[in-house]
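Everything below concerns the one structure shown next.
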Amino acid sequence: MQNDKSKFKNKVYKVVRNISCGKVLTYKEVAKLAGKPRAYRAVGNILNKNKNKQIPCHRVIRSNGQVGGYNQGVQRKIALLKKEGVIVRNKIILKRE
DNA sequence: CGTATGACGTGCA
DNA sequence: GTGCACGCCATAC
């Protein structure tokens, strides 16, 4: 049985895992897709506590274009994004349309 | 159960 | 464009 909170967390994982290669979503977008557009705070928190490699949480960035953070190190996150084709400059995501 | 924290976002000076 | 303060939600202690 899962409460709304647990469902939200589960949905977040599903959404993040569903992100295509080279694609990046913002915390707000993920929260919105998870059903709680106001829980972007919790999204970051959940991913931070999460250590599941199955989830490409490195594809989740901030709305202002910054890479945000990463439990394995921001540098690691940037490296992965760049490796996937995302342009990153000085911790800023320069994603093309 | 209540408090504190955090990978955030928006508003205002 | 930069800096500071408040709000918002889930999780941990």
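Lettering of chains follows the sequences in order, A, B, ..., and the numbering in each one begins at 1.
Rounded to a whole Å, the CD atom of Gln66(A) is 12 Å from the C1' atom of dT2(C). Rounded to an integer number of Å, the gap from Leu80(A) CG to dA7(B) P is 18 Å. Between the CD1 atom of Ile92(A) and the P atom of dA7(B) there is a distance of 17 Å, rounded to whole Å. For Ile78(A) and dA7(B), the CD1 to P distance is 15 Å, given to the nearest whole Å. Counting to the nearest Å, the C1' atom of dT11(C) and the NZ atom of Lys7(A) are 19 Å from each other. Rounded to an integer number of Å, the gap from CG of Asn64(A) to P of dT10(B) is 9 Å. Going from atom CD of Gln75(A) over to atom C1' of dA7(B) covers 16 Å, rounded to whole Å.
At the phosphate of dT10(B), OP1 or OP2 sits under 4.0 Å from a side-chain N or O atom of Lys28(A).
The two atoms that bring Ala34(A) and Val12(A) nearest to each other are CB-CG2, 3.7 Å, heavy atoms only.
Scanning for side chain to side chain contact (heavy atoms under 4.5 Å, CB included) contacts around Asn50(A) gives Tyr13(A), Asn52(A), Ile55(A), with sequence neighbours left out. The salt bridge (charged side-chain N to carboxylate O under 4.0 Å, His left out) check on Arg62(A) picks up nothing, with sequence neighbours excluded.
Residues Val43(A) and Ile61(A) are members of separate hydrophobic clusters, defined by side-chain heavy-atom contacts under 4.5 angstrom among Ile, Leu, Val, Met, Phe, Trp and Tyr.
Remark: the Tyr27(A) side chain and the dA7(B) base include a donor-acceptor N/O pair separated by less than 3.5 Å.
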Margin query: For a quick check, with a 4.0 angstrom heavy-atom cut-off, what is the B/S/- contact string for nucleotides 3-9 of chain C, read 5' to 3'?
Written below: ----BBB
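Closest to the side chain of Ile46(A), out of dA7(B), dT11(C), dG9(B), is dT11(C). Checking dA7(B), dG9(B), dA12(C) against every side-chain atom of Lys49(A), the shortest atom distance belongs to dA12(C).
Hydrophobic cluster membership of Tyr70(A), counting Ile, Leu, Val, Met, Phe, Trp and Tyr whose side-chain heavy atoms lie under 4.5 Å apart directly or via other members: Leu80(A).
In DNA chain B, stems built from 3 or more consecutive Watson-Crick or G-U wobble pairs, each with both distances under 3.5 Å, span B:2-6 with C:9-13, B:8-13 with C:2-7.
At a threshold of 4.5 Å between non-hydrogen side-chain atoms, the residues Lys82(A) and Ile87(A) do not count as touching. In this structure, Ile92(A) and Val67(A) have side chains that are not in contact, with every pair of non-hydrogen atoms separated by 4.5 Å or more.
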Donor-acceptor contacts, no H, no angles, side chain residues 15-33 of chain A, under 3.5 Å, sequence neighbours left out:
from     : atom 1 : to       : atom 2 : distance (Å)
Thr26(A) : OG1    : Glu29(A) : N      : 3.1
Tyr27(A) : OH     : Lys77(A) : NZ     : 3.4

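Residue contacts shown for Lys9(A) are limited to sugar-phosphate atoms, with no base heavy atom under 4.0 Å away.
Gln72(A) CD: more than 12 foreign heavy atoms inside a 6.0 Å radius.
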